[in-house]
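Each remark here refers to the structure printed beneath this line.
To find a chain, count down the sequence lines: A is the first, B the second, and so on, and within it residues start at 1. No hydrogens, no waters, no symmetry mates; every other heavy atom, side chains included, goes into these values.
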2 protein chains.
Amino acid sequence: MVAEQIDAPDPETLVSEAKAAFRDGALLSVQARCEVEYDGRTSGYLGPGDRLLVAKPDGTFLVHQPTGHKPVNWMPGGGTVSARVSDGEAVLLARRTNPTERVEARILDAHGLTRFDATDGATYEESGTEAEMHEYIESNPDVLEEGLRIVEHERESKYGFIDFFARDESGTPVVVEVKRIQATLNHFDQLQRYVSLYEERESSPQEGGVAAGNDEVRGMLVAPSASERVKRALRDNGLEFVGLSEFETDAKGATEAKLTDF
Amino acid sequence: MVAEQIDAPDPETLVSEAKAAFRDGALLSVQARCEVEYDGRTSGYLGPGDRLLVAKPDGTFLVHQPTGHKPVNWMPGGGTVSARVSDGEAVLLARRTNPTERVEARILDAHGLTRFDATDGATYEESGTEAEMHEYIESNPDVLEEGLRIVEHERESKYGFIDFFARDESGTPVVVEVKRIQATLNHFDQLQRYVSLYEERESSPQEGGVAAGNDEVRGMLVAPSASERVKRALRDNGLEFVGLSEFETDAKGATEAKLTDF
DNA sequence: CTGTCCATTTCGACG
DNA sequence: CGTCGAAGTGGACAG
């Protein structure tokens, strides 16, 4: 029996089933009218209503209202979930430390309970990430600018990693920051910080022969799009925006090439 | 009957129950071995394993593995969830547009199903947010510095919003950036950006009478704490850090005063 | 609608 | 264990 369901459990049954599920590492779902309290980084209270409660064997606890994508209250994995009867009502309590916080659901009326002895060895495989965008640019630097040469990928600097350190056709250094989504002011900040750092470094060369003029360092923000305000911030500070909306990994490109062969 | 449970439904039963739940605006939970595909902003695939599937009446669709706080796949509300039998297996499909994306769960083995006719009129009440920290500062500017006057809250500038624009005891402008959590380098970046802007503006006054010397603009980062690196960055750039860990809204303070009256 | 910024952000990688 | 940056970020709020 992988899943066991109990209809409208009374508080004692609910608590004993919950304890058994926690002990055995099963996933517990409860449909119930309840009220919820959170205390930790902030604090909050949710009055009585019907919700789906989920407790996972890793200590994750979720409170889902009938609408909305995010749980109204939750506890990440790593802590512990416990169950007890208090004042004749079942209470589920999720706690953790660092930071110290707790979610407590007082169950006023339990409509259903499911214990699920789930096993899942699969991991999610994703594609289309920023990492793949980097691969594409590394293989096709010309899409950013004719004649651009990538010198280093993920170059470490005092203030963080620079996505690409490159040189343009005339040898001028170019600091490149890549975003998979529309560029924000924070991304502009990042690029600005990196470029100013390189201006310092380039103006006082410590490794011989790599010197360049102080203002000769270019900064390039690559993203599918950017708001006018971001573009102006870049322009005002001598930085550049390059729109790059479409990209393909070599594998993906090869696949699509095949499809268009016909 | 608020919740209805079905044990190990066959594909046809699962699909007809799901359709009925979607039609009636009920919350549907399914414990099942399944494989999941996502296509949209990125794309991904999750091989067979046991998961909890949740479909809400607002179009929300969640796929939860036995561990982890976040759903491995999901669809926010606003779209539609549909069910069908395909190749003898039940399939749940969640779709939306803008952006166009889809999550498809192919159910290989359904262990349990619960339909929950949930009603929930309550809304979550939260306290301890950054908005409340702003209110506290606005009412008690002295906690930042003796004699500080708040001139404007959420002041819009060319490059973004400034939390507080203030003047110190001697009338020097102070740009204040507030963070509820430990300050990061990005927060320093933000403050730096705002201050540099005000230095420009103040040095070439367009609205008469507000002029001040170019270096007379102060920048203040307010947060419960900051790493040494952030503090040094601030110091090196002539900016200031103010630690503000405890704050209370008027209401909260009143409540706590009550409790300690006894 | 877009733009901007907060979030109990979470999550992962790296030093 | 802190720090930093990405996320299918989501969500609220203003223009």
What nucleotide, of dG8(D), dC6(C), dG10(D), holds the atom closest to the side chain of Glu177(B)?
dC6(C)
Nearest atoms (heavy-atom pairs only) where Glu104(B) meets Arg84(B):
OE2-NH2, 3.8 Å
Counting side-chain heavy atoms from C-beta on, which of dC11(C), dG15(D), dG8(D) comes nearest to His69(B)?
dC11(C)
Dump the intermediate steps for ring-ring contact (aromatic ring centres under 6.0 Å, His included) on His69(A) and Phe61(B), then the final yes or no.
CA-CA 8 Å; His69(A) 148 78; Phe61(B) 184 63; over 10 Å; no
Of the listed nucleotides (dA7(D), dG8(D), dC11(C)), which one gets closest to any side-chain atom of Glu126(A)?
dG8(D)
May I ask you to say what Gly40(B) touches in the nucleic acid, namely base, sugar-phosphate or nothing, with a heavy-atom cut-off under 4.0 Å?
nothing
Compare the minimum distances between each of dT8(C), dG15(D), dG8(D) and the side chain of Tyr38(B), then state the nucleotide with the smallest one.
dG8(D)
Lys179(B), nearest nucleotide to its side chain (from dG10(D), dC6(C), dG3(C))
dC6(C)
Centroid under 5.5 Å and tilt under 30°, Phe161(B) to dT4(C):
no
By nearest-heavy-atom nucleotide on DNA chain C, the more 5' of Lys70(B) and Lys70(A) is Lys70(A)
Think Gln182(A) has a side-chain N or O under 4.0 angstrom from the OP1 or OP2 of dG3(C)?
yes
Answer yes or no: does atom CZ of Arg106(B) have more than 12 heavy-atom neighbours from other residues, nucleotides or ligands under 6.0 Å?
yes
Picking from dT3(D), dG10(D), dT10(C), the nucleotide nearest the side-chain atoms of Arg229(B) would be dT3(D)
Nearest heavy-atom neighbours spanning Arg51(B) and Ala122(A):
NH2-CB, 3.5 Å
On a whole-Å scale, what distance lies between the C1' atoms belonging to dA14(D) and dT8(C)?
25 Å
Does OP1 or OP2 of dC5(C) have a side-chain N or O of Tyr194(B) closer than 4.0 Å?
yes
Note: for Pro76(B) and Ser227(B) on DNA chain D, the residue whose nearest nucleotide lies more 5' is Ser227(B)
Counting only side-chain heavy atoms from C-beta out, which of dG10(D), dC11(C), dT4(C) sits nearest to Leu185(A)?
dT4(C)
Say we look at dT4(C) and dG8(D): how far apart would their P atoms be, to the nearest angstrom?
23 Å
Nearest listed nucleotide, side chain of Arg193(A), among dG5(D), dG8(D), dA7(C)
dG5(D)
Judged by each residue's nearest nucleotide on DNA chain C, which is more toward the 5′ side, Ile181(B) or Ala183(A)?
Ala183(A)
Aromatic centroids of Phe165(A) and His153(A) separated by under 6.0 Å:
no
Describe the nucleic acid contact of Glu154(B) in one word from base, sugar-phosphate, nothing, applying a heavy-atom distance below 4.0 Å.
nothing
Expressed as a whole number of Å, how far does the C1' atom of dC6(C) sit from that of dT10(C)?
14 Å
Spacing of Met75(B) atom CE relative to dA7(D) atom P, expressed in whole Å
18 Å
Reckon Val178(B) touches a base, only the sugar-phosphate, or nothing at all at heavy-atom distances under 4.0 Å?
nothing
Checking all strands, does Glu101(B) fall into the base, sugar-phosphate, or nothing category for heavy-atom contacts under 4.0 angstrom?
base
Criterion salt bridge (Lys or Arg N to Asp or Glu O under 4.0 Å) on Glu101(B) and Arg41(B), from CA distance to verdict:
CA-CA 7 Å; Glu101(B) 43 188 4; Arg41(B) 286 168 284 184; 3.2 Å; yes
Within this structure, what is the CD-to-P distance between Glu130(B) and dC13(D), rounded to whole angstrom?
14 Å
Between atom CG in Asn186(B) and atom P in dC6(C), what is the gap in whole Å?
11 Å
Ignoring backbone atoms, test whether Thr184(B) places a side-chain nitrogen or oxygen under 4.0 Å from the OP1 or OP2 oxygen of dG5(D).
no
Is a donor-acceptor pair below 3.5 Å formed from side chain Asn73(B) to base dG8(D), judging by atom type as modelled?
yes
OP1, OP2 of dA7(D) versus side-chain N and O of Tyr124(A): anything below 4.0 Å?
no
